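Presented below is the structure to which this report refers.
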Amino acid sequence: MQNSSDRPLILITNDDGYQAKGINELAVCLRDLGDLVVFAPDGARSGMGSAITSLIPIKYKLIKQEPGLTIYSCTGTPVDCVKLALNEVLDRQPDLLVSGINHGGNMAICVNYSGTMGAAEEGCIFDIPSIGVSLLDHHADADFTECCRLGRLLARRVLREGLPHGTFLNLNVPKLPHVKGIKVCRQADGRWVREYKRSENASGESVFWLTGDFESAKPIHPENDMLALDCGYASLVPCKVDVTDYDFMNTLREWQL
């Protein structure tokens, strides 16, 4: 794809598919900030994390092209979309990657499972300032007004300021008509429990549906993202690609393995 404009180049993807309302609302609200390339899955790919497709080929196709906006669909995962766009489609490095707007929250431990955040992390790996944006509403026709307002505000600032090497941002917005503001947070500590609901299929075989409840670890840190969302704020968590536990390195050396 050729792009000769001096405007910033913004790559947009998601895990709900290129036809989802969230990604289309995001494209509308970012349209004046730069030239947009939407490169997203051809259908829902929620919960893919950083999954990549390696055993079968993937392909993409052009859906729409007009000045300032190009839309592609891809048969792969969200991370596949980022990789393919950067390696085969774009003629220059994007100035910003925005993944979303996800239908449903990606706070706390969900950042590790989320295809939305997997795509944002992949952009970060390629040294692109990257943001994941999620709304705490799973409905297909959710109201993205506040989410778009805050996501655009953050995108403008990141375009201007950039992000540190290895850092990407996770913005979650509560389902409210008026959000109090953005609060910088840490990721809530906890895990999902009672994760499956058992039922039977027509043949009488047991099948399992993913469900569950989030259980916070104690003590609960007062600056975590879930508490901020419960209080009517959008949560903004800086995340890192490097998962090394530097504090434990010296202890590990003492093990003398």
Side-chain angles (χ1 to χ4, degrees), residues 12-26 39-56 58-59 73-83 99-122 132-144 146-147 151 168 170-176 185 187-218 220 224-230 234-235 237 239 243:
I12 296 176
T13 190
N14 73 349
D15 70 359
D16 292 313
Y18 77 97
Q19 293 179 308
K21 183 179 179 182
I23 196 170
N24 285 285
E25 294 276 329
L26 179 65
F39 202 104
D42 58 5
R45 302 285 193 279
S46 294
M48 286 287 181
S50 291
I52 55 175
T53 303
S54 60
L55 299 179
I56 59 173
I58 59 174
K59 58 185 179 180
S73 72
C74 174
T75 60
T77 68
V79 169
D80 289 333
C81 289
V82 176
K83 286 182 175 294
S99 183
I101 297 169
N102 189 63
H103 293 245
N106 280 312
M107 58 285 188
I109 199 68
C110 293
V111 69
N112 294 291
Y113 305 122
S114 166
T116 300
M117 295 310 300
E121 182 174 11
E122 190 67 21
V133 184
S134 304
L135 174 67
L136 275 66
D137 189 340
H138 289 277
H139 290 93
D141 196 36
D143 183 353
F144 289 92
E146 281 290 84
C147 201
F168 57 106
N170 182 16
L171 177 67
N172 281 277
V173 179
K175 180 185 175 182
L176 294 172
C185 302
Q187 177 183 314
D189 187 10
R191 62 183 180 181
W192 289 92
V193 297
R194 298 175 290 279
E195 293 187 89
Y196 289 95
K197 179 181 178 181
R198 181 196 295 263
S199 62
E200 291 187 352
N201 63 17
S203 300
E205 300 170 312
S206 293
V207 294
F208 300 87
W209 297 91
L210 187 64
T211 177
D213 303 299
F214 185 80
E215 188 175 85
S216 294
K218 305 296 190 295
I220 297 175
N224 80 60
D225 52 1
M226 293 190 70
L227 289 178
L229 290 160
D230 287 343
S235 64
V237 178
C239 305
V243 296

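This one's a predicted model, so the numbers in the text were calculated from it and none came from an experiment.
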- Query: Could you state the interatomic distance from CG (Leu135) to CG (Asp143), rounded to the nearest 0.5 Å?
  - Reply: 8.0 Å

- For Asp15 and Met48, run side chain to side chain contact (heavy atoms under 4.5 Å, CB included): C-alpha distance rounded to whole Å, both residues' side-chain angles, the deciding distance at 0.1 Å, then the answer. CA-CA 8 Å; Asp15 70 359; Met48 286 287 181; 5.9 Å; no

- Message: Can you tell me how far apart CG (Leu136) and OG (Ser134) are? Round to the nearest 0.5 Å.
- Response: 8.0 Å

- Message: So does Glu205 get a backbone contact from the side chain of Ser203, meaning a donor-acceptor N/O pair under 3.5 Å?
- Response: no

- Query: Is a side-chain donor-acceptor pair under 3.5 Å present for Asp225 with Ser235?
  - Reply: no

- Go through the steps for Phe144 and Leu26 under the test side chain to side chain contact (heavy atoms under 4.5 Å, CB included), then give the verdict. CA-CA 9 Å; Phe144 289 92; Leu26 179 65; over 6 Å; no

- Query: What's the verdict on side chain to side chain contact (heavy atoms under 4.5 Å, CB included) for Tyr196 and Leu210, showing C-alpha distance, side-chain angles and the deciding distance?
  - Reply: CA-CA 5 Å; Tyr196 289 95; Leu210 187 64; 3.9 Å; yes

- Note on the structure: Here the gap from Asp80 atom CG to Ser50 atom OG, rounded to the nearest 0.5 Å, amounts to 11.0 Å

- Asp137 (side chain) donor-acceptor with His103 (main chain) under 3.5 angstrom: no

- Query: To the nearest 0.5 Å, how far apart are NZ in Lys175 and SG in Cys147?
  - Reply: 13.0 Å

- Item | Distance (rounded to the nearest 0.5 Å) between Thr211 OG1 and Arg194 CZ | 10.0 Å

- Query: Cys74 versus Tyr18: any side-chain heavy-atom pair under 4.5 Å?
  - Reply: no

- Message: To the nearest 0.5 Å, what is the distance between NZ on Lys59 and OG on Ser73?
- Response: 9.5 Å

- Please report the shortest heavy-atom distance between Asp16 and Asn102, naming the atom on each side. OD2-OD1, 3.2 Å

- Item | Derivation and outcome, side chain to side chain contact (heavy atoms under 4.5 Å, CB included), residues Asn106 and Asn172 | CA-CA 7 Å; Asn106 280 312; Asn172 281 277; 4.0 Å; yes

- Message: Quick one: does any side-chain atom of Asn170 pair with a main-chain N or O of Met117 as donor and acceptor, under 3.5 Å?
- Response: no

